[in-house]
Amino acid sequence: METKNIAHTLEKIYKEAGDFLPLNGTDYVEFYVGNAKQAAHYYKTAFGFQSYAYSGLETGNKQTASYVLKQDKIRLVLTSPLNSKHPINQHIAKHGDAVKVVALWVDDATASFNETVKRGAKPFMEPTVEKDEHGEVVRSGIYTYGETVHMFVERKNYNGLFLPGYKEWKSDYNPKSSGLKYIDHMVGNVGWNEMNIWVEWYQKVMGFINLLTFDDKQIHTEYSALMSKVMANGNGRIKFPINEPAEGKKKSQIEEYIDFYEGSGVQHIAVATDDILATVRDLKSRGVEFLSAPPKTYYDDVKVRIPNVKEDIDLLAKEGILIDCDEDGYLLQIFTKPVEDRPTLFFEVIERHGAKGFGAGNFKSLFESIEREQALRGTLDK
Ligand code: FE2
């Protein structure tokens with residue numbers, strides 16, 4: 001498989017050109033959901049997130065309820081509107097429970113807004129200062145694909161828990177962590193012929209670089225195909241692969257997503273663990289459903305193709321964990337089924353051993369597994 005890995009040149013390029021949008025990492029991911037209270041219970045119980053912060057009627061917020069969940073460096077915010085007039089209702093009606101905000105931690109939210117809007121970003125929120133007794137946070141936001149938003153969060157003058165307006169959320173129900181550590185990457189699905197539009201958008205508006213490219217000759221099964229380009233920021237901490245559907249004999253899973261999401265949006269959130277076997281066993285025991293394992297021949301092939309895997313391949317096979325490698329090492333990964341009734345958002349659990357890729361060697365077996373699910377949903381045939 002031919003891939004263009006230019007990660008090593010990123011630092012040099014940015015040193016020379018200057019990064020107009022320095023990003024420290026992912027700050028939080030906010031979902032708009034129909035029932036934030038119940039969704040919070042699900043992410044605690046099923047995925048091992050901990051109660052962290054809350055905003056709602058009890059904090060004087062009469063418009064929305066937001067539950068902040070934390071697991072190591074990952075922060076999820078689950079938000080529901082408290083009345084029928086709130087605009088969040090339209091987002092939920094159109095897309096179902098969905099990722100609305102991918103928030104990025106910056107040193108200067110005003111400059112981040114000005115630099116990106118100057119380069120063509122559509123504003124979502126002008127730079128806004130929010131204050132409480134712990135200091136102040138500056139936030140701004142721009143639209144990316146579909147109705148999805150990037151918020152820029154500047155918290156250098158803030159020592160509170162999360163954001164002004166939130167209080168600590170203490171709960172008597174505290175399921176233990178499942179070992180999830182940080183967000184490795186987040187993938188967006190966009191419509192037919194839109195991938196390059198958004199690749200160029202990330203290049204021009206956010207100064208990202210096209211790290212890897214996969215075309216439909218590389219990502220296909222007997223029935224369906226897609227194309228994907230991986231965009232990364234200057235320090236490589238933020239990685240956003242972008243997929244678009246491609247023509248095949250049957251319906252692409254990306255097209256299925258676009259149909260049910262009713263537009264472009266976040267397809268999956270990849271979360272990293274140091275011990276994927278323990279994490280996956282734990283998640284399964286909590287009721288998280290994963291895609292079915294590939295056939296035995298896949299693992300027979302892996303034993304030959306990737307001889308340096310430290311983990312016991314038979315144990316990985318038992319859990320249906322996929323294995324891939326590139327010139328820098330190998331990675332282990334597995335994908336959940338969609339976490340809502342619409343076949344839209346799902347999660348990936350990933351453990352990296354040097355590899356910087358995204359499991360391209362697994363795409364075929366992964367998509368065959370998704371196609372089995374599509375067949376059950378009756379969405380594989382055009
Ligand atoms: Fe992924």
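Starting from 1, each residue takes its place in the sequence as its number. Remember, it's 1-based here, ligands and their atoms both numbered in the order they're listed. All values derive from a computational prediction rather than experimental measurement.
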ask   = Restricting to pairs with a member in residues 224-242, which pass salt bridge (Lys or Arg N to Asp or Glu O under 4.0 Å), not counting sequence neighbours?
value = none

request  = Decide yes or no for E373 and P343: does some side-chain heavy atom of the first lie under 4.5 Å from some side-chain heavy atom of the second?
outcome  = no

Considering only distance and modelled atom types, tabulate donor-acceptor pairs under 3.5 Å from the side chains of residues 332-339, sequence neighbours left out.
from: Q333; atom 1: OE1; to: N362; atom 2: ND2; distance (Å): 2.9
from: Q333; atom 1: NE2; to: E348; atom 2: OE2; distance (Å): 2.8
from: Q333; atom 1: NE2; to: F358; atom 2: O; distance (Å): 3.4
from: T336; atom 1: OG1; to: F347; atom 2: N; distance (Å): 3.0
from: T336; atom 1: OG1; to: F347; atom 2: O; distance (Å): 3.4

ask   = Do F162 and E168 have side-chain heavy atoms sitting under 4.5 Å apart?
value = no

message = Can you confirm whether S66 sits close enough to E30 that some side-chain heavy atom of one is under 4.5 Å from a side-chain heavy atom of the other?
response = yes

request  = Kindly state each residue pair satisfying salt bridge (Lys or Arg N to Asp or Glu O under 4.0 Å) with at least one member in residues 75-86, sequence neighbours excluded.
outcome  = D27-R75

note = Atoms of type N, O or S from the protein that sit nearer than 2.8 Å to the Fe ion (ligand 1) number exactly 3

